[in-house]
Amino acid sequence: MLPSADFESSKRHAARPSLPMAAIANGADRGDCVDQWFRPIPLSPLHSTRCHMIRTRFAPSPTGYLHIGGVRTALFNWILARQTGGQFILRIDDTDAGRNVEAALQPILEGFRWLGMDWDEGPEVGGPHGPYFQSQRSEMYADAISRLLESGHAYRDFAKPDELQTLREAARESGQAFVYDRRWMANDEADVEKYQAEGREGVVRLKMPRDGQCVINDLIRGEVVVEWASEQDHVIARADGSPLYHLASVVDDHAFGITHVVRAAEHLPNTPRQVFIAQSLGYELPTYAHLPYVAEPGGTAKLSKRKLDKYLKNRDFANLMTRGKAIAERCALTTDDDTFNPVLVDFYREIGFLPDALLNYLMLLGWSLDGEQEKFTREEMIKLFTLDRVNKAPASFDPAKLTAFQADAFNALPQDVKVGMVKPFAVAAGWVESGNDESEQKLADVIAGAGDRLKMAGDIIDFDYCFVDDYEINPKAYQKRIVKPGNAIELLGKLREHLSGADEFSADAVEKSVKGFCEDQSIGLGEIIHALRVATTGAAGGFGMFETLAVIGKERVLQRIEKTIANAS
RNA sequence: GGUCCCUUCGUCUAGUGGUCUAGGACACUGCCCUUUCACGGCGGCAACACGGGUUCGAACCCCGUAGGGAUCACCA
């Protein structure tokens with residue numbers, strides 16, 4: 001990357017617009033609706049993100065949950081700000097009043113905190129451009145709306161929704177793009193009074209150009225050209241004067257000094273109208289970058305929180321969900337059915353994922369450094385990410401790969417950090433008593449023994465038999481190792497005798513003892529060890545047998561063998 | 001249906017005209033290691049959507065076709 005050259009070229013572009021000649025020409029002979037306001041301002045060329053102070057934003061609406069796709073968008077925004085010493089702003093899009101914003105906002109902020117994505121301005125931290133809730137910025141929007149009205153870029157319209165709907169359907173049936181003929185547009189105060197006398201309510205619409213084209217220079221997509229005529233006269237204010245999303249968004253982006261609007265590609269079709277609003281208001285345009293959306297597992301459609309049933313048909317997705325449910329159930333997690341879903345970040349936090357692993361995986365959805373390196377520390381993410389290496393095509397969410405990333409990251413953790421993460425789960429399951437040294441030591445032993453069999457903190461549930469006696473017995477393993485070999489019970493009985501005489505019950509001591517037993521009996525270790533495992537853990541597999549026995553403890557081991565023998569006969 | 005976007009292994013991707021008999025990762029899979037289950041090591045399977053150009057030469061450039069997707073609200 002050549003920062004200085006990039007900087008030069010972006011300055012050159014700013015001084016001498018080269019791209020949108022068509023738009024300028026068309027603007028000149030447009031004649032009717034608007035005067036010379038419309039002159040697209042060229043955007044910075046690629047790479048320019050490295051050399052300017054960047055202000056980005058993520059604008060969630062308070063829905064109560066954080067979508068994985070949204071997190072990726074936020075991540076890119078956050079990185080862009082961090083790598084340039086710029087600011088990352090959180091703005092709350094709550095123009096659609098009526099819900100409990102505060103309650104629905106908390107889970108989102110918590111999600112950000114958990115992920116370690118801090119915001120420089122926004123809820124709770126404030127900032128110089130506040131307030132950061134759209135519901136509290138009405139005056140600014142009202143001002144913008146009246147300016148738009150005055151300059152003729154917007155008009156009052158008295159169409160009824162169903163009247164417009166009829167028109168739209170007719171256009172659609174004839175295969176034409178719907179173009180509103182503005183038949184209920186108020187040209188003057190007299191019109192307004194007349195319509196109001198008819199009992200009509202007036203909204204404010206954008207008076208979109210009917211010819212020429214809008215050129216969007218997108219950092220990821222390149223040049224996107226849209227005919228103005230294909231744009232609607234979008235409503236920007238309701239009858240009660242309250243603003244709609246596009247208006248509010250553009251006004252705020254400008255007021256906040258947002259330099260880069262980085263958002264999901266589904267916003268691309270919205271961009272022309274936002275460009276229109278911004279330019280009508282005389283704003284300098286931000287640089288746009290439209291990210292490919294995150295697609296569903298094994299598919300190409302946009303990942304949606306609402307299609308759980310469909311995703312559950314995907315093996316890997318179903319596995320993750322099953323794992324999550326098992327952890328939630330065993331650890332008595334109070335999960336909300338509505339948010340306990342692998343499409344939402346809450347899920348991962350609840351079952352003991354590492355935020356860095358999630359972020360690392362998400363960053364690779366649509367972005368790559370060189371096709372070789374895939375693992376990045378947070379510092380590397382900030383250092384190495386560039387928008388010009390973001391792909392254009394949607395990337396499908398792969399739960400198996402995410403889990404693999406999580407497993408690797410989790411196993412790279414130092415033992416004490418692992419223990420710290422796992423402990424809450426073990427405590428919640430009722431297996432470990434917090435503050436009790438013996439109990440905590442046992443947990444540490446189990447975690448050390450389990451090693452990389454623990455992929456996430458919640459995986460501790462697989463080792464319930466280390467802590468309690470009411471574990472499940474795997475029927476297949478029982479059949480194979482206890483029932484089928486005719487001598488298993490007999491051997492187990494003898495082994496129990498042998499073990500009962502042991503003074504020490506450390507892993508090493510037990511190993512010696514069991515191996516000595518095998519020698520005495522002239523059998524291979526393999527002939528007893530499987531039966532021993534099933535008898536003492538009920539499981540077909542697990543970590544080292546002798547570590548397992550040591551952790552369970554002499555008394556319990558003997559009891560369990562005894563019980564197995566009793567049940568078998 | 002209109003508008004816009006996209007198209008390399010099952011998935012994420014590398015690739016910017018010759019180094020591509022297309023590289024890496026996840027998944028799947030074979031072997032080795034091993035008392036089990038994992039880890040690990042060494043292998044394997046597997047892709048340039050299609051058709052035309054341009055060129056000595058195309059995954060890469062151009063044009064079409066097909067397919068997929070997003071979006072078309074007084075939601076955000």
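Only this structure's heavy atoms are used, side chains among them; waters, hydrogens and symmetry mates stay out. Residue numbers start from 1 in every chain, and the chains themselves are labelled A, B, ... in the order their sequence lines are given, proteins ahead of strands.
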Inset, instruction - Carefully, step by step, assess A:Arg210 and A:Asp233 under the rule salt bridge (Lys or Arg N to Asp or Glu O under 4.0 Å). - result: CA-CA 10 Å; A:Arg210 291 280 160 92; A:Asp233 282 0; 3.3 Å; yes
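- Under the side chain to side chain contact (heavy atoms under 4.5 Å, CB included) criterion, A:Pro131 pairs with A:Gln136, A:Arg137, sequence neighbours left out.
- Of the candidate nucleotides B:A76, B:U3, B:U11, B:U11 has the atom lying nearest to any side-chain atom of A:Ser396.
- Residues passing the side chain to side chain contact (heavy atoms under 4.5 Å, CB included) test with A:Thr166: none are found, sequence neighbours excluded.
- Residue A:Arg156 places none of its side-chain N or O atoms closer than 4.0 Å to OP1 or OP2 of B:C74.
- Shown here, B:C12 is classed anti by the O4'-C1'-N9-C4 or O4'-C1'-N1-C2 angle, which is more than 90° from 0.
- In this model, the phosphate group of B:A76 is approached by a side-chain N or O of A:Thr95 to a distance below 4.0 Å at OP1 or OP2.
- Look at A:Asn314 and you won't find any side-chain N or O under 4.0 angstrom from OP1 or OP2 of B:G10.
- Rounded to an integer number of Å, the gap from A:Gln232 CD to B:U3 C1' is 10 Å.
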Inset, instruction - Any chance you could lay out the ring-ring contact (aromatic ring centres under 6.0 Å, His included) test for A:Tyr311 and A:Phe397, step after step, and finish with the verdict? - result: CA-CA 11 Å; A:Tyr311 307 157; A:Phe397 171 63; 8.6 Å; no
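- Looking at residues two or more places apart in sequence or on another chain, you find a side chain to side chain contact (heavy atoms under 4.5 Å, CB included) between A:Ala154 and A:Leu148, A:Leu149, A:Val204, A:Ile236.
- In the set B:U35, B:A76, B:U7, the nucleotide with an atom closest to the side chain of A:Ile529 is B:U35.
- A:Lys512 NZ to A:Ser506 OG: the interatomic distance, rounded to the nearest 0.5 Å, is 8.0 Å.
- For residues 247-254 of chain A, proximity to RNA chain B is found at no residue, defined as any non-hydrogen atom under 4.0 angstrom from a strand atom.
- Residues from residues 447-467 of chain A that place a heavy atom under 4.0 Å from any atom of RNA chain B, listed by number: A:Asp452, A:Arg453.
- Interface remark: the A:His246 side chain does form a donor-acceptor pair with the B:A76 base, using a distance-only criterion of under 3.5 Å.
- When the side chain to side chain contact (heavy atoms under 4.5 Å, CB included) test is applied to A:Val510, the partners found at least two apart in sequence or on another chain are A:Phe505, A:Val514, A:Phe546, A:Leu549.
- In this structure A:Asp338 satisfies the salt bridge (Lys or Arg N to Asp or Glu O under 4.0 Å) test together with A:Lys305, sequence neighbours excluded.
- The list of ring-ring contact (aromatic ring centres under 6.0 Å, His included) pairs with a residue in residues 510-531 of chain A, not counting sequence neighbours, reads A:His498-A:Phe517.
- The interatomic distance linking A:Tyr180 (OH) with B:G2 (P) rounds to 24 Å, in whole Å.
- A:Trp367 and A:Phe376 have their aromatic ring centers within a separation under 6.0 angstrom.
- For CD of A:Gln415, the number of neighbouring non-hydrogen atoms (other residues, nucleotides, ligands) closer than 6.0 Å is greater than 12.
- Within residues 166-176 of chain A, the residues that have a heavy atom under 4.0 Å from RNA chain B are, in order of number, A:Arg168, A:Arg172, A:Gly175.
- One can place CD of A:Glu231 at 11 Å from P of B:A73, the figure rounded to the nearest angstrom.
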Restricting to nitrogen or oxygen on both sides, can you table the protein-nucleotides 22-24 of chain B pairs closer than 3.5 Å?
| unit_1 | atom_1 | unit_2 | atom_2 | d |
| --- | --- | --- | --- | --- |
| B:G23 | N2 | A:Gly371 | O | 3.1 |
| B:G24 | N2 | A:Glu374 | OE2 | 3.2 |

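- Nucleotide B:C5 holds its P atom 17 Å from the NE2 atom of A:His267, rounded to whole Å.
- Residue pairs meeting the salt bridge (charged side-chain N to carboxylate O under 4.0 Å, His left out) criterion with at least one member in residues 285-298 of chain A, sequence neighbours excluded, are A:Glu296-A:Lys307, A:Glu296-A:Lys310.
- For the C1' atoms, the distance from B:G68 to B:G52 is 22 Å, rounded to whole Å.
- Residues in residues 531-548 of chain A take part in no side-chain hydrogen bond (donor to acceptor under 3.5 Å, both in side chains) pair, two or more places apart or across chains.
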